Amino acid sequence: MRLSIRSRLVAVMLAISLVPLCILGCASLQDANRLSTGIAAEAEAIGALSIDESTGALTALGTELVRTKATDVARQVEIYLADHPDLTLADLQADPAFQAIVVQPVGRTGSTMAMDADTLVIAFHENPGDVGVDLHERKETNPAYYKLLQSGWGYIDTAGTFAWADGSGSVRDRYGYFVVAGAPTADHVYLRVGATVYLDEFSAPARETQARIEERLAAAKAAIAEQTAAMSTQNTILLLTLATMGAAAAVAFLVSASITGPIRRLRDLADRVSMGDMEETAIEIRNEDEIGDLAASFGRMIVSMKYYMEKAASASERKEEA
């Protein structure tokens, strides 16, 4: 396809303007996206790690508080029984003071209770309807809880986690610590005191913190994306300017060389022809533009000059012969 020099120059300038812009724009956008995504992912990982560590620390603190509560209640029971050695289990169940000692709240979702250490029959509980329940019945319905109680044979302290349905029927993990009071009742009943509480009570502050962290992370991610986009745009403009300047200089050099090279060859040929040197006048310029047209016209001119010079020389020879 034949293109003029002007068309070629316009096409070249458009190319060096658009191509670097597209390349650098895409590269900068990808870099910005990778940077933003990487920072956001790192922030989320740090937040998740912080929440996990906080939850673990709070849970460990909570379980220690449960252990302390069960141990303290067991010691209070021992002291009370030592002061009232003539009270049987039935007497103690009718004693409001002893009831207040055995049944105490643990956090917001838990409480202490006591059972016969040998028979596992509940003797004291915050829910009066549970008093008298034989916990051997839990062997099939809640094996984890039953196993926890059984592991305390020999009057050793036991602790662990088990599933338990709350008031709404939802099954949640509950932690319990069980310790046997060292003093028996008048009818030789040893009481196993237990303190239990739902585990998610301990992690509630961590969950609230997690919600705040996620909210802050969302705002931070938006700010990072905005700042990254602005930085990317500035870098893109700078790189585009430098690339365009370099490309323009290189292309200008090549284009000018493609124009001035054939013109210089035509100039040298014209100088030789003007001095009468008609040898080696072949023009090897094949440009499909105005320079090619000029070279073709120059070639026709040389052919014509040769023709008329030969014709003039022939006429001169005939005149001399006459």
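In this chain, residues are counted from 1 in sequence order. Quick caveat, the model's predicted, so the values are computed rather than measured.
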Is there a path of hydrophobic side-chain contacts, each under 4.5 Å between heavy atoms, that joins Y198 and V66? no

Could you see if F98 belongs to whatever hydrophobic cluster contains V121? Use Ile, Leu, Val, Met, Phe, Trp, Tyr and a side-chain cutoff under 4.5 Å. no

Within the structure provided, determine whether L135 and T119 are in side-chain contact (heavy-atom separation under 4.5 Å). no

Under the side chain to side chain donor-acceptor pair (under 3.5 Å) rule, what do D134 and H136 come out as? Steps first, then yes or no, please. CA-CA 5 Å; D134 185 350; H136 286 95; 2.8 Å; yes

Identify whether V180 and Y146 are in the same connected component of the hydrophobic contact network (ILVMFWY, side-chain heavy atoms under 4.5 Å). no

side-chain contact (heavy atoms from CB on, under 4.5 Å), that's the test. Do R172 and D200 meet it? Break it down for me. CA-CA 8 Å; R172 298 154 61 190; D200 52 14; 2.8 Å; yes

For D116 and L120, indicate whether the former's side chain and the latter's backbone hold a donor-acceptor pair under 3.5 Å. no

Would you name the heavy atoms of E201 and R108 that are closest together and state the gap between them? OE2-N, 2.7 Å

If hydrophobic clusters are built by linking Ile, Leu, Val, Met, Phe, Trp and Tyr wherever their side-chain heavy atoms come under 4.5 Å apart, do L148 and L199 end up in the same one? no

Considering non-hydrogen atoms only, spot the tightest contact between P85 and A82 and give its length. CD-O, 3.7 Å

Do T185 and L81 come within less than 4.5 Å of each other through their side chains, counting heavy atoms only? yes

Measure the acute angle between the ring planes of F162 and W164, then classify it against the limits of 30° and 60° as parallel, tilted or perpendicular. perpendicular

Taking the side chain as every heavy atom from C-beta outward, state whether V77 and V102 have any atom pair closer than 4.5 Å. yes

Joint hydrophobic cluster, V131 plus M115, side-chain heavy atoms closer than 4.5 Å: no

Using the ring of Y145 (Phe, Tyr or Trp, six-membered ring only), decide whether R138 places NZ or CZ under 6.0 Å from its centre and within 45 degrees of its axis. no

All salt bridge (charged side-chain N to carboxylate O under 4.0 Å, His left out) counterparts of R67, not counting sequence neighbours: E64

So, D86 side chain and A186 main chain: donor-acceptor pair closer than 3.5 Å or not? no

Regarding D95 and Y80, do their side chains bring together a donor and an acceptor under 3.5 Å, going by distance alone? yes

Looking at every non-hydrogen atom in both residues, tell me the closest pair between T141 and E137 and how far apart they are. OG1-O, 3.6 Å

Would you compute the distance between atom CG of L191 and atom CG of L92 and round it to the nearest 0.5 angstrom? 7.0 Å

Partner residues of R75 under the side-chain hydrogen bond (donor to acceptor under 3.5 Å, both in side chains) criterion, sequence neighbours left out: E78

Has Q93 got a side-chain atom pairing as donor or acceptor with A123's backbone, closer than 3.5 angstrom? yes

Which heavy-atom pair separates A74 from A181 by the least distance, and what is that distance? O-CB, 3.9 Å

Ignoring hydrogens, what is the shortest heavy-atom contact between G169 and A165? Give both atom names and the distance. O-CB, 4.3 Å

Would you check if the side chain of T112 reaches a backbone N or O of Q104 as a donor-acceptor pair within less than 3.5 Å? yes

Counting distance only, does the side-chain N/O of D157 pair as donor-acceptor with the main-chain N or O of Y177 below 3.5 Å? no

Are T196 and Y175 side-chain neighbours, meaning at least one heavy-atom pair lies under 4.5 Å? no

Heavy-atom pair of closest approach, residues A195 and V106: CB-CG2, 4.2 Å

Interatomic spacing from CD1 in I156 to OG in S151 - rounded to 0.5 Å: 6.0 Å

Do I122 and V133 come close enough that some side-chain heavy atom pair is under 4.5 Å? yes

Decide whether a cation-pi geometry holds between R192 and F178; the criteria are a distance under 6.0 Å from NZ or CZ to the six-membered ring centre and an angle within 45° of the ring axis. no

